[in-house]
Number of protein chains: 2
Amino acid sequence: MAMGRPRSFDTDTALDEAMEVFWRHGYDGASLAMLTKAMGIKPPSLYAAFGSKEGLLKAALDRYAQRRSEHMRYVLAGASAREVAERFLSSIAESHTDPANPPGCLLVQGGLACGEGSENIPFELASRRALTETELRERFVQAKRDGDLADAADPAALARFLSTVASGMGVLASSGADRDALREVARVSLSAFPGQDETRTAAP
Amino acid sequence: MAMGRPRSFDTDTALDEAMEVFWRHGYDGASLAMLTKAMGIKPPSLYAAFGSKEGLLKAALDRYAQRRSEHMRYVLAGASAREVAERFLSSIAESHTDPANPPGCLLVQGGLACGEGSENIPFELASRRALTETELRERFVQAKRDGDLADAADPAALARFLSTVASGMGVLASSGADRDALREVARVSLSAFPGQDETRTAAP
DNA sequence: AGACTTATCTACCACTCGATACAAAAGTTG
DNA sequence: CAACTTTTGTATCGAGTGGTAGATAAGTCT
């Protein structure tokens, strides 16, 4: 059987470039011209490999999730619920201001509101954001069983709170806030989290 | 001197309709066809009244800010820093899930990332979001002078924290979260705020 | 080598985008 | 009424949108 002409570009490398464009300009704001230029390929190659603009986004999101799952593995491996929260927020302060990427979070920047042909994009992004919240909640449920989270604590509420702060930090970062600003938000947010740290103030 | 033909539509009513479209679809996602249809006018009337699509957004943002300034007046009138924070977060839980408006916050939904012709839109929105943070910070500085906020507290950090949570709540609301979910986030967030409430857990 | 399969490139599709030229219409003022 | 000013609707502008047809190139297989 003949095998056909091999692909002349690396799919993952191209996806990384596409991811950056979606990240910086959002789904609607990312035109095919921008995408193909960044990826170094022509439209027919893009469509042969990813099917459509939406397919390309989903592939880029899968790759993004893959990256982030490594982060989350480290976060969830924290010894206590408190440490998980600390790791979560501080790793977000770093990643959302990593100069290697556009500022903020792809899952937020990608598009909270879209135009007429792309109504399902916000849902797609929201469902992926929800994954993080679920992982945190389940980890906190476990922490409760382990006894390192108070019986009175509400894992779902804590997970939603952290996930919400993370989204807010994404918005903040995309407005140009620097790393120290995000770290400060993380520190104050942790005062809302039950655990060993008993400083209730937001002093330095 | 002749006065000319009078305008056949009400500017503010039309702006309210435009605001809703920008709110639901973002700046890039809101096409002139959608806007003119919602406003009940034709493109030439739109351009005569607002100059450009960007001019229309700014006019809608001005009107949005006008609405919100009433909210903020109530928020800032809280008797203590703590009460200001409570009013701020709970009023956001309500307004971001008000069925009379699209979910979330126009200043977030409007566009965190935009396409090639609209690079300045995110800046415009970010600068308007920053206003709220400034108002809170100044109120907390005042609270410190008044003695109802601990000397060790950092007004800037607290204001940024609250503003960040508000953005996060906007993202959460736009994903379809209901009012109770936002109220819960507000409640947990308040545990990070110095004040009379000493329950550190997130229990109901 | 020659058959076969797949990728790539050029050129282009129909359509929508934001924005406008022009003339008719609707008022106010003398 | 007639002169003047501004708005309105129709019809359209050039540019850019996501997406594709068809020919050619580049490989693998027998």
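The sequence lines fix the lettering, A, B, ..., with proteins before strands; numbering per chain opens at 1. A quick note: this is a predicted structure, and the numbers were derived from the prediction, not measured.
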5' priority, DNA chain C, between B:Lys53 and A:Ser45 [closest heavy atom]: A:Ser45
Touch class at under 4.0 angstrom, heavy-atom based, for B:Phe50 against every strand present: nothing
Sugar-phosphate, base or nothing in reach of A:Pro6, heavy atoms under 4.0 Å: sugar-phosphate
What's the [atom1]-[atom2] distance between [X] and [N], to the nearest Å?
{"X": "B:Leu46", "N": "C:dC17", "atom1": "CG", "atom2": "P", "value": "14 Å"}
{"X": "A:Tyr27", "N": "D:dT17", "atom1": "OH", "atom2": "P", "value": "13 Å"}
{"X": "B:Glu54", "N": "C:dA19", "atom1": "CD", "atom2": "C1'", "value": "14 Å"}
{"X": "A:Leu32", "N": "D:dG19", "atom1": "CG", "atom2": "P", "value": "6 Å"}
{"X": "B:Ile41", "N": "C:dA25", "atom1": "CD1", "atom2": "P", "value": "21 Å"}
{"X": "B:Asp28", "N": "D:dG18", "atom1": "CG", "atom2": "P", "value": "11 Å"}
{"X": "B:His25", "N": "C:dC17", "atom1": "NE2", "atom2": "P", "value": "12 Å"}
{"X": "A:Met3", "N": "D:dC29", "atom1": "CE", "atom2": "P", "value": "5 Å"}

B:Arg139 and B:Gln142 side chains, donor-acceptor separation under 3.5 Å: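 Per modelled atom types, B:Gln142 and B:Arg139 side chains form no pair under 3.5 Å.
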From B:Asp62 atom CG to B:Leu15 atom CG, the distance as rounded to the nearest 0.5 Å: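 These two atoms lie 9.0 Å from each other.
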Donor-acceptor pair under 3.5 Å, A:Arg5 side chain vs C:dT6 base: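 Per atom types, no contact qualifies.
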Other residues, nucleotides, ligands: >12 heavy atoms within 6.0 Å of B:Tyr74 OH: no
Short N-O contact, A:Arg73 and A:Glu70, less than 4.0 angstrom: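 Between A:Glu70 and A:Arg73 there is no salt bridge, as every charged N stays at least 4.0 Å from the carboxylate O atoms.
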Options D:dT20, D:dT8, D:dC29, nucleotide nearest the side-chain atoms of A:Pro43: D:dT20
Does [X] put a side-chain nitrogen or oxygen below 4.0 Å from OP1 or OP2 of [N]?
{"X": "B:Ser8", "N": "D:dT7", "answer": "no"}
{"X": "B:Tyr47", "N": "C:dT20", "answer": "no"}
{"X": "B:Ser31", "N": "C:dT16", "answer": "no"}

Test side chain to side chain donor-acceptor pair (under 3.5 Å) applied to A:Arg129 and A:Ser167, step by step: CA-CA 9 Å; A:Arg129 284 194 303 269; A:Ser167 296; 4.7 Å; no
5'-most by nearest nucleotide on DNA chain D - B:Glu116 or B:Lys42: B:Lys42
Pairwise 5' ranking along DNA chain D for B:Phe9 and A:Pro44, keeping only the more 5' one: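 Whichever sits nearer the 5' end wins; that is B:Phe9.
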